[in-house]
Amino acid sequence: MTDNKKVVEIIKVMAEIIHENAQFLTDLDAPIGDNDHGINMDRGFQKVLEDLPGVENSDIGAILKKTGMDLVSTVGGSSGPLYGTAFMKAGAAVAGKNEIDADDFIDIMDAAVGGVQLRGKAEKGEKTMLDAMIPAVEAIKKGVDAGKTPAEFLADGVEAAKEGVEYTKTIIATKGRASYVGERSIGHQDPGATSFTLLLESIAALYN
Amino acid sequence: MVGIVIVSHSKKLAEGVVELSRLISGECPMVAAGGLEDGGFGTSYERIEAAIESVYSDDGVVVIMDMGSSCMTTEMVIENMEGKKVEMIDCPMVEGAAAAAAESESGSTLEEVKQAAIDAAGESKF
Ligand SMILES: Nc1ncnc2c1ncn2[C@@H]1O[C@H](COP(=O)(O)OP(=O)(O)OP(=O)(O)O)[C@@H](O)[C@H]1O
Ligand SMILES: [Mg+2]
């Protein structure tokens with residue numbers, strides 16, 4: 001499905017898309033958070049981008065691990081340790097590999113969800129990035145099982161993530177900063193669920 | 001003495017808590033890790049790591065955090081300090097810090113300092 005060169009390309013696209021959407025993500029964080037999600041994510045991915053040349057020729061596990069470490073040390077909000085742990089666990093799942101197939105990709109996504117849950121102790125339905133991640137991974141698994149191509153199962157994943165984002169509008173936040181606004185969080189989509197969808201779209205963009 | 005680190009999104013808040021605790025317990029090794037490198041709001045892995053190291057001794061270090069990423073980032077720093085005696089305390093920041101500082105200054109163990117901070121949560125103010 002992917003070699004390490006393509007993973008580097010994907011991460012570059014992630015940084016680009018996050019940068020383009022930084023204001024949008026920050027604006028989503030205003031009513032239910034502290035108005036910084038896009039700023040945080042952009043700061044993190046700019047550092048990732050800066051460090052990419054140093055790991056370009058490393059295996060996929062090492063590239064993902066470095067990405068995670070950079071996010072942990074530069075994002076500055078909850079999304080830092082959360083996405084950071086996700087990328088680091090994803091890297092550990094494919095340690096030493098220079099090429100990965102669809103099953104490895106599922107391992108990566110499972111490890112990412114596991115990482116977010118390990119760090120943030122949230123479940124589905126708490127209005128967090130997990131409400132996009134969990135259904136996306138389920139859709140991707142179904143697609144892989146059905147023998148779909150990467151372009152197809154990634155499109156399914158993006159579709160499910162978007163539905164997850166819509167779902168976050170209907171529920172009350174019970175984890176993270178948004179939990180302080182309680183019922184007033186209804187009607188607003190979760191910034192982290194939105195940024196996850198953008199990251200998945202970045203992967204999908206390279207398979208069209 | 002057990003070292004104490006105060007982690008907050010706000011540089012001013014972390015420094016203020018240290019300042020307040022020091023009025024009572026000036027001898028205790030206590031330091032603030034607040035805000036980002038550029039002074040903005042947020043939590044910084046590097047600042048927390050450096051703060052823990054600056055007050056570290058064989059007696060260990062306890063860390064008191066405000067919320068959200070303060071806790072998650074501190075947890076990651078501690079995970080990467082394998083073999084070191086560093087623990088987070090789940091307690092109110094101001095009261096917990098004052099109680100922990102007083103306990104540390106009297107030469108108590110890390111466990112005792114931790115317990116003093118946790119107990120501070122049960123004290124009613126009036
Ligand atoms: N415990 C958690 N589990 C999963 N996701 C979480 C958790 N807490 C927050 N999030 C996600 O993080 C997003 C917010 O990220 P952001 O970068 O704005 O951090 P923050 O909330 O400002 O951090 P801080 O804890 O420093 O205040 C939320 O939209 C949500 O998706
Ligand atoms: Mg925020």
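Note on naming: letters A, B, ... go to the chains in the order of the sequence lines (proteins, then strands), and numbering restarts at 1 for each one. All values derive from a computational prediction rather than experimental measurement.
- Neither the backbone nor the side chain of A:Met69 comes within less than 4.5 Å of any heavy atom in chain B.
- In this structure, A:Lys6 satisfies the cation-pi test against A:Tyr207, with its NZ or CZ atom closer than 6.0 Å to the six-membered ring centre and inside 45 degrees of the ring normal.
- Between A:Lys141 and A:Glu138, no side-chain nitrogen of the basic residue sits less than 4.0 Å from a carboxylate oxygen of the acidic one, so the salt-bridge criterion is not met.
- Here A:Lys162 pairs with A:Glu201 in a salt bridge; the nearest charged N to carboxylate O distance falls below 4.0 Å.
- Proximity to chain A (any heavy atom under 4.5 Å) is shown, for B:Ser44, by neither the backbone nor the side chain.
- Ranked by heavy-atom pairs under 4.5 Å with chain A, the list B:Glu37, B:Glu49, B:Glu79 is led by B:Glu79.
- Contact of A:Lys175 with chain B is not made at all, since no heavy-atom distance falls under 4.5 Å.
- Electrostatic pairing of B:Asp59 and B:Lys85 does not count as a salt bridge here, judged by no charged N lying under 4.0 Å from a carboxylate O.
- Contact count versus chain A (heavy atoms, under 4.5 Å) is highest, among B:Met72, B:Glu75, B:Arg47, for B:Met72.
- Both the backbone and the side chain of A:Arg119 come within contact range of chain B, with heavy atoms under 4.5 Å apart.
- A salt bridge links A:Lys66 with A:Asp51: the distance from a Lys NZ or Arg NE/NH1/NH2 to an Asp or Glu carboxylate oxygen falls below 4.0 Å.
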